[in-house]
There are 2 protein chains.
Amino acid sequence: MGNSEKSISSAVIKRLPRYFRYLGVLKANNITRISSKELSEQMMVTASQIRQDLNNFGGFGQQGYGYNVDNLYTEIGKILGLDKRNDMIIVGAGNLGQALANYQSFNEDYGYKVMALFDVNPKLIGISVRGVKVLDIDEMESFIKAHDIKIAALTLPKDQAPEMAKRLVEWGIKGIWNFAPIDLHLPEDVTVENVHLAESLMTLTYNIHNREESGD
Amino acid sequence: MGNSEKSISSAVIKRLPRYFRYLGVLKANNITRISSKELSEQMMVTASQIRQDLNNFGGFGQQGYGYNVDNLYTEIGKILGLDKRNDMIIVGAGNLGQALANYQSFNEDYGYKVMALFDVNPKLIGISVRGVKVLDIDEMESFIKAHDIKIAALTLPKDQAPEMAKRLVEWGIKGIWNFAPIDLHLPEDVTVENVHLAESLMTLTYNIHNREESGD
DNA sequence: TAGATTGTTAATCGATTAACAATC
DNA sequence: TAGATTGTTAATCGATTAACAATC
């Protein structure tokens with residue numbers, strides 16, 4: 001399914017969550033309608049880009065009126081899959097894994113549910129992080145299958161990450177949120193979203209030392 | 001300074017840390033030379049892109065030979081500013097702030113030094129995270145000035161982030177590594193590198209639900 | 001209706017890839 | 001030298017912006 005439509009460029013996809021965030025703020029402020037022009041000024045992008053982006057998914061606006069904030073928020077949520085069950089596990093219960101488990105916004109604002117953390121460290125197994133148990137990594141296969149988990153955050157050291165990613169996929173995981181500083185090579189029906197913190201920090205450092213007067 | 005050269009596109013800059021990472025692996029494996037073709041196969045990009053990217057900064061290669069791994073690694077490190085002192089502070093000593101302080105790779109592999117964490121929470125003030133003290137946020141201004149800190153990781157809740165960012169800049173911070181889910185509007189000589197985890201997760205979710213057979 | 005604003009086509013801009021002369 | 005591979009120009013591709021007819 002979804003195979004007949006022309007595929008959407010990843011540049012567009014990456015902008016959707018930001019639209020969603022701004023619409024959430026508008027909604028919270030009881031603003032009911034917004035034009036692409038107004039939104040473009042708030043977001044500091046072109047109105048043209050907003051209209052082009054949204055029209056990849058359908059005509060959500062109305063000529064002469066603009067967009068209904070509530071409706072557009074809901075529709076973008078659906079496009080992003082936030083209307084579906086998004087149960088996830090966190091593989092690696094170290095500092096970063098625990099920090100992710102603690103971050104309530106994923107659940108409260110977007111509906112993601114962390115079902116369990118997994119680790120090999122006996123000192124961690126059995127503890128709870130905000131009500132979520134750390135389980136032995138040996139139990140992971142059955143857990144994934146029993147709960148039909150599709151999303152795994154991978155917060156293991158980089159030397160363990162590729163092998164674990166391979167197994168996760170064998171057990172049914174379809175999307176890996178990868179925090180290990182390594183590239184994972186997986187079947188093409190599996191999605192990898194990398195969060196390479198060190199690379200992000202290096203980009204920052206470059207810009208600090210090379211900033212031009214005409215920044216964007 | 002740096003104002004006369006044509007500015008480098010951010011697409012190129014964002015690829016540099018990945019080149020750096022691959023070169024680090026080659027170096028660790030005692031590989032002394034590599035051609036753009038070989039590297040392109042490992043990294044799954046085009047050789048043309050590698051040569052174009054590198055030539056923004058100078059001719060690091062040699063016809064008929066390729067690139068010297070050690071030299072190229074060093075040069076890219078310099079471009080990224082890793083040869084400079086990169087002292088940083090972490091503002092917000094919650095789970096994420098502590099997780100960053102704990103992540104030794106920033107220091108061991110790239111030379112970043114976390115000088116202190118800051119928080120308002122009396123329960124956190126005084127504790128140490130991997131030898132780094134959590135200080136009262138009231139001491140931050142003098143600390144930044146005394147240690148000439150230019151880089152701050154901002155791991156506060158989103159409602160506190162914009163005001164704090166403004167102050168950090170007043171006190172001399174030139175680069176903010178922003179983990180708060182909000183856009184910061186700061187003077188253009190200040191760099192902001194966003195790590196918007198929720199947005200990254202939503203992108204993953206979109207792709208899980210909409211993956212095509214012909215993935216890239 | 002008149003005014004506003006979308007949806008969409010066309011034009012522009014920038015980034016990627018291909019090609020090849022230069023040269024080690 | 002002959003072969004390999006860069007540095008760089010030219011061609012292509014894709015993404016962004018501008019423009020405007022459609023229409024609420």
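To find a chain, count down the sequence lines: A is the first, B the second, and so on, and within it residues start at 1. Values reported hereafter were calculated over all heavy atoms of this structure, with side chains retained and with hydrogens, waters and symmetry mates removed.
- For A:Y65 and D:dT23, the OH to C1' distance is 16 Å, given to the nearest whole Å.
- For the pair B:D53 CG and C:dG14 P, the computed distance is 17 Å after rounding to whole Å.
- The closest side-chain heavy-atom distance from B:L168 to B:M140 is below 4.5 Å.
- Base pairing annotation: D:dA21 forms a Watson-Crick or G-U wobble pair with C:dT6, both donor-acceptor distances under 3.5 Å.
- At whole-Å resolution of the value, CZ in A:R33 and C1' in C:dT5 are 9 Å apart.
- In this structure, the CD atom of B:Q63 is 10 Å from the C1' atom of C:dA21, given to the nearest Å.
- The CD1 atom of A:I50 sits 16 Å away from the C1' atom of C:dT8 (whole-angstrom rounding).
- Pair assignment for D:dT12: C:dA15, on the basis of Watson-Crick or G-U wobble contacts that are both within less than 3.5 Å.
- OP1 or OP2 of D:dG7 sits under 4.0 Å from a side-chain N or O of B:Y67.
- Contact annotation for B:T46: backbone-only contact, meaning every heavy-atom pair under 4.0 Å involves sugar-phosphate atoms and none involves a base.
- Nearest-nucleotide assignment on DNA chain D puts the 5′-proximal partner with A:S10, out of A:S48 and A:S10.
- Map A:G64 and A:V45 each onto its nearest nucleotide of DNA chain D; the residue landing nearer the 5' end is A:V45.
- For B:R15, the listed nucleotide lying nearest its side chain is C:dT16; candidates were D:dC20, D:dC24, C:dT16.
- Side-chain atoms of A:A11 lie closest to D:dT16 of the nucleotides C:dC20, D:dT16, C:dT16.
- Side-chain atoms of B:Q49 lie closest to C:dT17 of the nucleotides D:dT17, C:dT6, C:dT17.
- Where A:Q62 and A:Q52 each meet DNA chain C at their nearest nucleotide, the meeting point lying more 5' is that of A:Q62.
- Phosphate contact (OP1/OP2 of C:dT6, side-chain N/O of A:R51, threshold under 4.0 Å): present.
- Side-chain contact between B:I34 and B:Y22: absent, with no pair of heavy atoms (C-beta onward) separated by less than 4.5 Å.
- To the nearest 0.5 Å, atoms CD1 (B:I151) and CG (B:L154) are separated by 14.0 Å.
- Put simply, NZ on A:K14 is 10 Å from P on D:dA15, counting in whole angstrom units.
- We find that CG of A:N55 is positioned 18 Å from P of D:dA21, with the value rounded to whole Å.
- Regarding A:L54, its CG atom lies at a distance of 12 Å from the P atom of C:dT8, rounded to whole Å.
- Taking the six-membered ring wherever Trp is involved, the centroid distance between the rings of A:W177 and A:Y112 does not fall below 6.0 Å.
- Contact of the B:N207 side chain with the B:L204 side chain is not registered, since no non-hydrogen atoms from C-beta on lie closer than 4.5 Å.
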